[in-house]
2 protein chains.
Amino acid sequence: MTDLNHDIFKTIDPDRRGTTSEEVISQLREMIHRGDLRPGDRLPPERDLAKMLGVSRPTLRAGIRSLAAVGVLQSRQGAGTFVVKADGPPSLDSSPLRLMASLHGFTSAEMFEARQALEMAVAGLAAERATSDQMATMSEEVAGMFASLDDPEQFLVHDVRFHQAVAAASGNRILTSLMNMVATILFDTRIKTVKRATDLKESAEMHRHVYRAIREHDPEAARHAMSAHLSKAQKAWEAEADEPDDSTSDNSNGNGNGAALAP
Amino acid sequence: MTDLNHDIFKTIDPDRRGTTSEEVISQLREMIHRGDLRPGDRLPPERDLAKMLGVSRPTLRAGIRSLAAVGVLQSRQGAGTFVVKADGPPSLDSSPLRLMASLHGFTSAEMFEARQALEMAVAGLAAERATSDQMATMSEEVAGMFASLDDPEQFLVHDVRFHQAVAAASGNRILTSLMNMVATILFDTRIKTVKRATDLKESAEMHRHVYRAIREHDPEAARHAMSAHLSKAQKAWEAEADEPDDSTSDNSNGNGNGAALAP
DNA sequence: ACCGTTAAATGGTTAGACCTTTTCCGTTCG
DNA sequence: CGAACGGAAAAGGTCTAACCATTTAACGGT
């Protein structure tokens with residue numbers, strides 16, 4: 001964690017474009033773009049940083065909060081404000097999509113369709129690029145599914161990890177992030193579906209088909225297998241959903257930068 | 001615009017989960033989810049709303065700012081704070097993706113690939129579902145491209161509108177939003193490419209191929225035509241890009257909820 | 001009746017103070 | 001000598017109060 005007490009922080013230009021807090025946001029973003037602030041870095045204390053930028057602390061906080069809302073910064077009381085650590089797969093906040101779903105009345109069919117399109121894309125890419133290690137991981141998760149046919153919750157864990165492994169093997173972190181973003185919203189729904197534990201064996205089989213297509217480096221087969229799997233999953237969900245649930249219930253408090261999830 | 005001075009606003013629970021401002025965010029989101037706040041509505045003045053929720057104005061402002069950062073609310077000094085109008089195609093803020101690109105060092109190849117995957121998906125769906133009107137719109141834009149082969153900027157306008165028409169015809173607003181999100185980031189790049197105006201005629205031809213495949217309701221052909229078009233566009237861009245531009249330059253000030261863009 | 005001026009409404013900013021949580025260091029006890 | 005406890009310092013979270021800037025709309029004069 002590089003401590004950055006240099007004179008990186010230029011004072012806000014008086015002839016600023018928009019509002020002061022917008023300028024603060026621009027400044028912080030520029031620091032990130034330039035690489036002055038890197039993932040995991042801790043920002044200077046708010047009081048100091050405010051002085052450096054020549055703004056008041058509430059204004060600085062407004063800017064920090066905006067960036068925190070989009071998942072770039074993270075503040076921990078007593079500890080400090082950090083640039084979000086980019087350890088695992090980068091993850092976009094799904095709450096914007098969630099709100100948009102409510103605002104525009106997105107149907108769950110659209111959600112499923114979007115997820116299907118993204119998963120098909122990553123499956124196709126994974127078939128082209130997956131390394132031996134990545135394929136081994138997928139295989140292990142498939143095996144895990146077969147090993148937990150009588151334990152729905154454990155099955156779901158392997159299910160999610162398999163899809164993440166596929167996404168990782170695609171080599172495209174943007175598609176992976178978008179996929180996770182959509183999948184996160186559908187997660188609560190999925191828990192219910194898996195709980196009913198109807199066709200775990202069939203589901204595991206379909207995952208294996210995906211894995212085999214990827215192993216054979218056959219993009220088209222991988223796409224089709226993934227498509228079939230998700231169509232089946234959607235049908236299973238629709239069969240369960242009696243209540244006219246709009247599928248956009250909001251459980252996550254705060255900014256839902258939850259774990260990446262995908263069945 | 002419904003004025004909502006009812007007792008919709010419940011006071012913040014004292015046994016709140018996280019921080020106070022997080023609770024404010026949850027409250028506001030809940031109002032939106034429940035439909036108490038609808039697109040275009042104006043929120044009560046901050047001073048009043050703060051009293052209603054039982055929090056101080058800075059805390060309320062923190063919550064509002066978080067939601068504004070993700071594109072749900074929009075504040076205009078002197079006028080008020082509004083729930084973002086959902087008139088046209090819903091649009092996700094692309095700045096989070098932009099920041100993530102800087103943070104993780106995304107390559108432009110990944111960006112192009114993600115865009116290609118999304119555009120292929122919507123093209124396929126559009127081929128299945130496009131209405132006569134939507135196809136007419138696409139046709140007009142293709143004609144517009146042919147009519148402006150000597151005017152790169154005008155060509156780009158038709159280009160963008162064509163892709164938006166295809167996205168609209170897909171009937172999936174989520175995929176459309178994600179596509180626009182990625183396309184927005186690549187827009188600046190695209191302007192340069194089009195400025196050089198190398199193969200406008202060829203580009204127009206490829207757009208027409210996409211259009212024809214959609215008109216013939218042939219999803220596979222549409223996907224392939226779109227894929228070919230974007231591969232070509234990417235090659236054109238790579239040929240121009242001499243400078244080691246990381247493709248993540250940040251032009252947009254504020255929260256870049258700009259227009260949706262796609263060639 | 002129309003247009004310009006003005007006043008009210010509303011978000012934006014600042015200042016200072018205090019609270020809560022986290023971190024870390026020093027002391028003390030085993 | 002080391003580990004556990006305790007407290008002080010650090011840092012973010014919240015609040016009050018006031019003032020500034022912009023927008024809107026009402027008012028009044030022409």
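The chains referred to below are lettered A, B, ... by the order of the sequence lines, with proteins before strands, and numbering in each begins at 1.
The side chain of B:S21 contributes an N or O atom lying less than 4.0 Å from OP1 or OP2 of D:dT14. Note on A:T20: a side-chain N or O is less than 4.0 Å away from OP1 or OP2 of C:dT13. Contact annotation: A:S75 side-chain N/O to D:dG12 OP1/OP2 distance is not under 4.0 Å.
Within a 6.0 Å radius of CD in A:Q134, more than 12 heavy atoms belonging to other residues, nucleotides or ligands are found.
To the nearest angstrom, P of C:dG12 lies 12 Å from CG of B:L43. One can place CG of B:L73 at 13 Å from C1' of C:dG11, the figure rounded to the nearest angstrom. Taking atom CZ of A:F82 as the reference point, atom C1' of C:dT21 lies 13 Å away to the nearest angstrom. Taking atom CZ on B:R61 and atom P on D:dT16, their separation rounds to 16 Å, with Å as the unit. Computed from coordinates, the B:Q74 CD to D:dT22 C1' distance equals 15 Å when rounded to whole Å. Atom CG in A:L60 sits about 16 Å away from atom P in C:dG16, given to the nearest Å. Protein atom CG of A:L49 is 14 Å distant from nucleotide atom P of D:dG13, rounded to whole Å. Distance CD (A:E23) to P (C:dG12): 16 Å, rounded to an integer number of Å.
When all heavy atoms are compared, the tightest approach of B:L60 to B:L49 is CD2-CB, 3.8 Å. Shown here for A:T176 and A:A167, the closest heavy-atom pair between the two residues is OG1-O, 3.2 Å. Scanning both residues, B:V83 and B:R38, for their nearest heavy atoms gives CB-O, 3.5 Å. The nearest pair of heavy atoms linking B:S170 to B:V122 is CB-O, 3.6 Å. A:I174 approaches B:A114 most closely through the heavy-atom pair CG2-CB, 3.8 Å.
Taking 3.5 Å as the limit, the base of C:dG16 and the side chain of A:R57 contain no donor-acceptor pair of atoms between them.
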List, with names and distances, any nitrogen or oxygen atoms from the protein found under 3.5 Å away from nitrogen or oxygen atoms belonging to nucleotides 5-11 of chain D.
unit_1, atom_1, unit_2, atom_2, d
D:dA11, OP1, A:R42, NH2, 3.3

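Defined by atom type and a distance below 3.5 Å, a donor-acceptor pair is present between the side-chain atoms of A:R65 and B:S21.
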